[in-house]
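Each remark here refers to the structure printed beneath this line.
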Amino acid sequence: MRLILCENYDELSEQAAKLVASQIILKPDSVIGLATGQTPMGMYKNLVKMYERGEVDFSNITTFNLDEYYPIKRGNDQSYYYYMNENLFSKINININKTHIPDGETKNPYKECDKYEEEIKKNGGIDLQILGIGQNGHIGFNEPDVSLYTETHLTDLTRNTIEANSRFFNNEDEVPKQALTMGIATILKSKKIILLASGANKSRVVSELLNGDINTSIPATMLKVHPDVVLICDKDAYSGIRLGVDIGGTSVKFAVVEDGKLIYKSSIGSNKGSCDTFIKEIAEECIRIKAKYPYKTIGVGTPGRITDGAVTASNLPFKNTHLAKELKKYIDMSINVDNDANCAALGEFEFGIGKDMDNIIMVTLGTGVGGGIIIDGRICHGRYSMGEIGHIIVQSKGGLPCACGQTGCWEQYASVTALIREATQACIEDKDSVLYELYSKNNNKLDGKLIFDALEQNCPVAKKVFDEYIEWLVIGLKNLINIFGPDAIILAGGITKRSNILIDAVRKSLDTPVKIEISKLQNDAGALGAAML
Ligand code: PGA
């Protein structure tokens with residue numbers, strides 16, 4: 001697939017028109033497949049201008065439109081029949097008898113589809129097919145489906161398409177629920193294909209198309225098997241500027257990403273008072289950033305549980321708070337919310353260690369143990385709070401109680417909290433140790449840093465505690481490897497940043513081909529991943 005990246009919609013429209021015009025100039029009796037919708041309108045305007053300047057002669061071309069709603073009257077101003085006349089046919093010297101649009105008034109849609117397919121074949125097939133792309137990845141009206149029909153057929157429209165297209169009708173009920181459409185095979189038989197994508201609302205699907213595998217749930221990815229496809233897209237659709245917001249217990253981090261690069265970051269303190277004030281403060285920072293970096297989408301990572309978009313987090317004032325809806329009161333744009341650990345995993349997947357991998361697991365070691373799982377390039381959500389890896393049970397009998405209500409959860413043994421707890425106990429029992437000396441000098445308190453200081457001074461007490469800690473850490477990692485078989489496990493959190501002691505010990509104890517790495521992005525991973533939601 002060849003990519004033509006345009007600065008904006010005007011440039012996209014001009015580029016597309018030039019390609020269509022060259023096709024017609026080189027082969028005046030070309031068979032052109034035409035598309036409707038918002039995106040090709042600018043291209044049609046440019047073609048009309050070229051015709052008016054005498055640059056293109058349309059008199060010998062034959063056209064076949066991709067699709068038509070069903071049922072719909074030709075006179076309905078939302079029919080594609082009406083659209084083509086309004087936007088192109090009535091304005092150029094085309095032979096109207098050589099134009100074809102599936103008949104939305106037919107009594108027998110199945111026969112109409114067979115006839116349409118036959119007609120395309122009789123005309124020698126399509127030389128150049130123009131396509132738009134739906135937000136759900138449809139091309140024509142080939143909606144996501146495990147078994148995509150191959151040739152021209154009658155199809156049911158998905159809810160997503162009905163909603164997206166309701167902008168052209170008075171209300172959603174007026175949108176026809178079916179359509180007649182060329183099939184994927186009809187489209188793939190075209191000699192050349194131009195795919196147009198404009199606007200930030202297409203950026204997710206364009207990214208899937210460019211980076212993902214062939215997948216029937218994103219029909220446009222089928223185009224990857226065609227040898228001559230040109231994707232013309234504007235910058236907004238290609239990536240757009242995105243804002244990522246990573247809400248944490250102590251601070252909220254913001255990251256602006258453009259074309260896969262971090263271009264700005266900032267942070268504000270977390271307001272643990274009222275939910276409304278906190279959301280307002282986050283929104284105000286988003287608005288401030290927008291004045292300088294006109295981003296098109298916001299992704300938000302938050303701790304806690306998210307059920308049907310409502311967030312409940314114990315360390316923040318969110319209780320069944322619909323974060324996206326609340327933020328939209330201040331900034332009206334596409335806002336996606338996900339769990340913060342999932343966002344961190346996505347950040348590392350898109351920009352860090354996982355960049356060239358398909359499957360990674362991110363394990364964050366801190367107050368607890370958090371995690372995000374990405375398999376085949378997607379965050380795994382499951383039905384209910386998947387990825388709570390800190391709560392896999394590693395000791396069934398006599399396990400330590402956990403705040404979640406279970407006993408023996410992994411985070412009771414593998415978190416930094418657990419390491420400090422065990423180290424404190426051990427040094428109190430051996431007052432001659434370096435670890436105890438550091439503990440007493442620090443007002444009878446240990447932290448991760450002091451434990452590593454003791455390790456570097458070869459303190460046997462610290463070493464024993466640390467070795468046991470690694471054993472627990474490795475038990476959980478082994479479980480994750482056995483269940484998910486990832487390409488890499490990425491460890492993050494303050495203690496992973498301190499020298500190579502931890503990573504070397506883990507690698508030594510884990511006999512596995514799976515890569516065990518330390519997060520490259522660390523504190524930035526969450527906001528960067530949120531931007532890519
Ligand atoms: P749009 O539609 O150009 O109006 O966004 C494209 C499509 O749904 O194929």
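Counting starts at 1 for both ligands and their atoms, following the listed order. Keep in mind that the numbers below use all heavy atoms, side chains included, and drop hydrogens, waters and symmetry copies.
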To the nearest 0.1 Å, how far is [atom] from its closest protein heavy atom, and which atom is that?
{"atom": "atom 5 (O) of ligand 1", "value": "Lys202 NZ, 2.6 Å"}
{"atom": "atom 3 (O) of ligand 1", "value": "Thr39 OG1, 2.4 Å"}
{"atom": "atom 6 (C) of ligand 1", "value": "Ile133 O, 3.5 Å"}
{"atom": "atom 9 (O) of ligand 1", "value": "His138 NE2, 3.3 Å"}

Between Thr321 and Glu326, do the side chains contain a donor N or O and an acceptor N or O under 3.5 Å apart? no

May I ask you to list the atoms of ligand 1 that are less than 4.0 angstrom from any heavy atom of Gly134? 7 (C), 8 (O), 9 (O)

With the threshold set at under 4.0 angstrom, would you say Arg167 reaches ligand 1 through any of its heavy atoms? yes

For the pair Tyr83 and Tyr44, name the ring-plane relationship: parallel under 30°, tilted 30 to 60°, perpendicular over 60°. perpendicular

Quick one: do [X] and [Y] make a salt bridge, cutoff under 4.0 Å?
{"X": "Lys261", "Y": "Glu258", "value": "no"}
{"X": "Glu118", "Y": "Lys115", "value": "no"}
{"X": "Glu105", "Y": "Lys73", "value": "no"}

